[in-house]
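Beneath this line is the structure, given in structure tokens, with notes to follow.
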4 protein chains.
Amino acid sequence: MKALVIEGGFGLDRLQLVERQQPTPGRGELLLAMRAASLNYRDLMTVSGTYNPAQPLPLVPCSDGVGVVLEVGDGVRGFAPGGRVCPIFAQRWLDGEPTRERLRSTLGGPLDGVLAERMVVPAESVVVPPEHLTDVEAATLPCAAVTAWTALVTEGQLRAGDTVLVEGSGGVSLFALQLALLQGARVFAVTSSEEKRQRLLALGASEVLSYREQPQWGRAVSKLTGGRGVDHVVDIGGAETIEQALRAVRIGGRVSVIGALSGAGGPPSVLPILMRYVRLQGILVGHRRSFGQLSRAVSAHRLRPVVDSVHDGLEAVAGALGRMQRAEHVGKICVRISDDATAPAGAGGSEELR
Amino acid sequence: MKALVIEGGFGLDRLQLVERQQPTPGRGELLLAMRAASLNYRDLMTVSGTYNPAQPLPLVPCSDGVGVVLEVGDGVRGFAPGGRVCPIFAQRWLDGEPTRERLRSTLGGPLDGVLAERMVVPAESVVVPPEHLTDVEAATLPCAAVTAWTALVTEGQLRAGDTVLVEGSGGVSLFALQLALLQGARVFAVTSSEEKRQRLLALGASEVLSYREQPQWGRAVSKLTGGRGVDHVVDIGGAETIEQALRAVRIGGRVSVIGALSGAGGPPSVLPILMRYVRLQGILVGHRRSFGQLSRAVSAHRLRPVVDSVHDGLEAVAGALGRMQRAEHVGKICVRISDDATAPAGAGGSEELR
Amino acid sequence: MKALVIEGGFGLDRLQLVERQQPTPGRGELLLAMRAASLNYRDLMTVSGTYNPAQPLPLVPCSDGVGVVLEVGDGVRGFAPGGRVCPIFAQRWLDGEPTRERLRSTLGGPLDGVLAERMVVPAESVVVPPEHLTDVEAATLPCAAVTAWTALVTEGQLRAGDTVLVEGSGGVSLFALQLALLQGARVFAVTSSEEKRQRLLALGASEVLSYREQPQWGRAVSKLTGGRGVDHVVDIGGAETIEQALRAVRIGGRVSVIGALSGAGGPPSVLPILMRYVRLQGILVGHRRSFGQLSRAVSAHRLRPVVDSVHDGLEAVAGALGRMQRAEHVGKICVRISDDATAPAGAGGSEELR
Amino acid sequence: MKALVIEGGFGLDRLQLVERQQPTPGRGELLLAMRAASLNYRDLMTVSGTYNPAQPLPLVPCSDGVGVVLEVGDGVRGFAPGGRVCPIFAQRWLDGEPTRERLRSTLGGPLDGVLAERMVVPAESVVVPPEHLTDVEAATLPCAAVTAWTALVTEGQLRAGDTVLVEGSGGVSLFALQLALLQGARVFAVTSSEEKRQRLLALGASEVLSYREQPQWGRAVSKLTGGRGVDHVVDIGGAETIEQALRAVRIGGRVSVIGALSGAGGPPSVLPILMRYVRLQGILVGHRRSFGQLSRAVSAHRLRPVVDSVHDGLEAVAGALGRMQRAEHVGKICVRISDDATAPAGAGGSEELR
């Protein structure tokens, strides 16, 4: 089988398509024929060597994918060949609290990721994606959508009528927008261009501000709520945005801190955290149970993820990462790995495991 | 001013329209010109003397109403004449946990209720209802809608994609259906007649079973979820329904126990509670903060409560209670108290107090 | 190796000591030399055939034990031979919410239990018990102590200064008493005899009532709190006690429903649940994370479990179960399986897995 | 009656003892004869004009005190003359979530504080302190102890066996140490001098590090937990300590951000918040219910607050503030206002209101 690996050093130009022995599922495991993948900024950093320079190589990068069950190992209940599943990001984080051990079990580094034709995963480390989604759409869920769900629902306990602020038009922010609407919230957004603004409005945002025109957008957002402040900010900009985020949030409100991998050095001042009784919660994707809940919600509402572009074949990954690097995208950049009919996809897995 | 009182003994025939001195708002209080009220089963029991036989008389019955601010007492911030407000059910339960003292501060017994032309309440004990609602619609919220919100949202932390079961077509159940949909849940219902079944489907229920045709509806509902069980049951039938409710709910699920005032004597067996790790939560309406959140949610979605019928004037209350007694209604039975233009209703209260 | 099995039918007289092939640890598994076990009422019911008459036989009964690691399977991190560990009750419930699948993975039925000289378990399904405990003491923890912890801490969020009521002097109740004291709570108890009363007072109970002398002990307990009611009742009597438990608990308080396996048929009335805003929570032991937290708490305070009696060798199990059946015990009935020095016990497992 | 006021401008030298008309309790209010007060850093800042330069003057400063009921206004239940009570910090925050309105109702600015011989407060805005405390000890509770309780218990849900890190030997830190021990936690501390180190050990800290000797104390504390990190940090140093606090806390742990009024400008980097799934929670004292729970816990354990020094009479306040300014204290600096026997103190208030 073919796999894409980072080998001999980091860099987009070090991605190589190699031939590997097809793995065999052991007890409790599944062999998957991978169908599609989607890219996260973390993948770009991993390939570039900036995410974890100590990462041993070779490594199959990329954490988010979907595949079809080819073989079922001994002792596995609830799965059969032909079922479609998504491996979860942190393979050993099934429920409850994060631990070091659980957070070290992530695909696409330190564990091999999804950019291979075949992949073996524990049956307990997958989720059945919604049936109405295409392979490419299903592949967008494992990190970006689960992160948004964890922030807003699992940790954030969002209520109908709450207000949410999202930043930009990347994968997590668009899912946060869509999922907040499912929960009955109203969503404000800040973005850079008129084109993206229109896109966000079309997806259901109540108001979209330009952070170019209004560098003090924190206060401006607060005004949109009558001065009360928003209930929840999904902050993905870290050092560059946290100060405005803390101005936008209400007294007693919540700020989810996500993926702040760039510009990590700066503020926030702790004073507004204190004086406004704000909760800042770091979010690192989430557990299998959250993914299962998300999947049910997406199914019930027949939600469709926002796909920026689809790139064909493992050989197209470097180009796709380049698009991410140039920040040209709105929504998820996806890769079609294979749609050979060895394993026609059906509904995968038992209800128990969704 | 005129007020309706229970005097000289209990019974629908003891309701009397009397002339009373108009009250004066003290420090921190509001004088309201009452516009409309809605009836709850508790009001029927109170008038009949079965809710609290030791209730001192005379008593102005009925807890749910809406009025317009006529005068503002000293020291009140955020309200002005003309604003429209709903007194909250438990006047001293503003937030947090219930206590005996808070649960004793309820309108319509032991405190005088809303069936009067004028009423004085503490400014901190009101909520501004959604602007898009008529007076009659606004009057439906204080008990039935807040109860459903407390059960599903405040205590229940309902998520998009969750499944909810409601029983019948009374006020709490219809609000539970509507509010669960706002939160992105799927709703199942059980009811008695085909007519009510159609009504529940039109309101958005995914499936509606007949408890006449399927006396073992607990299991039938569980099957609708693939055998997993529903995440949340809003149980309003008490002894008559709790056994089926416990069969319908999933392992680790929740049952809100509401208004089980009839047939209070019987089971449930505690065995299913234990063996399925179920949580049973008694619900007694809720606090002002929940009402404020509900109001924001109803506003954001321009939700319209289900009004069964509108009865004109305080003198029509006995007839309206009779309709409730005969269980002819679907949704809330309402009473128009006055729409004289002494105080034209506008948006009431500051954002802070909503 | 030797194992005790129920074979050919249920009944204490059907327990047989048999010779079995020593199991081999697979990937991710541990081979344990079992040292000690403790008995729960569930074990008595299982052997008698009343817990699950459909349980396939033969079965190694009993869920609670402690062993020493003899061999470590491939891919296991953090364990080494000689470490002492307790298998967890529900082998697949590591964290988070209960599910059907997780609750079906329990030792001593449907899975083989701990009454064998050797046992293989997944490395992720054990907890390292506190070092200061003897083997027999360590064996008391997996069900009774974890149940009390789940009820009071994981689900109950007990605070210093809270009041707790426990019933009787069985394993769960004594652990609930001891663990509530660790959390800074005050504990009341009801029991039958003066001897048990003295024992409970010696363990730290503030007041102990006799349910023989005060059949209406619910109200009596409430009086001990100045009429406010206790914050938390750990109810183990089910149908026989729940009514009094609901009288003892405060408005807004919690009742943990545990092990109500006898007299399952009866009340409670739902009326007090409703009118007092009470939460009833069914408790089925708990997950690995709760066990780990419990273990840390027991270590930090050098708490010693209450051991009723120690019975020597697998052949003594039937006699030990007889003692339970006659309800002669206070605290945990234990069985010493082996203390051969093949594997001298040391501190087991890495910090990560505690 | 006499009162101490800031008048004509800010500064310790602008504190003046003035004669004022004794206030009269209105409906729902209590007249208190103040007995004692304790000082917080906020009081020093308020007097200096750095806390809120826009604060209108004159102002009676200082939020924490205890008094004895002299007169009871109309409509007050549960209080009688002679009862001893502490006004709560945020007079309108009785329970639930903070709001702007509630956080603006604080004593010692914007509302007049406790440094007066007589004071009128709403009966719903007081808590009955533990009976075993002296007046001076009771006066230490309203801010410092409630803040520690809110951080660790109300928001932090501390469990027996958890580990807590406290910084320094100020009022909040010492209460955090004492209250964490009540909840069964183990406590680490960092401080500056050997003398303070011995004091902290005597109060029950497991280990105390010197931040002078170990400027990288975050890592050192983490090592004390076997590298796992502490469950909870009570951070009172803001910009100066947050970076080390984030190194000390475990993955998924909590940092309470308290009183970070000095050096407000700097970090923290959000990267560790994110990558360790940490929750930062701003804490601003807390509500009446938390104070009531704290009071019960302190009573049950007969805990004694750490009093640094007692200064006699309102005229001694400037000197007491000077001591705080020079940071010479360990524990709470207190002021005795009066112990005249006009109102001999007894147990105050009904159980309902504690």
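Below, read A as the first sequence line, B as the second, and so on, with proteins coming before strands; counting in each chain starts at 1.
Heavy atoms of other residues, nucleotides or ligands lying less than 6.0 angstrom from CZ of Arg304(C) number more than 12. Counting non-hydrogen atoms of neighbouring residues, nucleotides and ligands closer than 6.0 angstrom, the CZ atom of Arg92(D) reaches no more than 12 such neighbours.
Only the side chain of Gln157(D) comes within contact range of chain C, with at least one heavy atom under 4.5 Å from a heavy atom of that chain. With a 4.5 angstrom heavy-atom cutoff, Leu179(C) does not touch chain D via any of its atoms. Proximity to chain C is absent for every atom of Leu152(D), based on heavy atoms less than 4.5 angstrom apart.
Distance check, rounded to the nearest 0.5 Å: CG of Asp231(D) to CZ of Arg296(C) gives 6.5 Å.
Across all non-hydrogen atoms, the minimal contact from Ala160(D) to Ala297(C) is O-CB, 3.3 Å. Of all heavy-atom pairs between Gly161(C) and His301(D), the closest is N-NE2, 4.5 Å.
Among residues two or more places apart in sequence or in another chain, the salt bridge (charged side-chain N to carboxylate O under 4.0 Å, His left out) test is passed with Glu207(C) by none. Under the rule for a salt bridge (charged side-chain N to carboxylate O under 4.0 Å, His left out), the partners of Asp162(D) that lie at least two apart in sequence or sit in another chain are Arg159(D).
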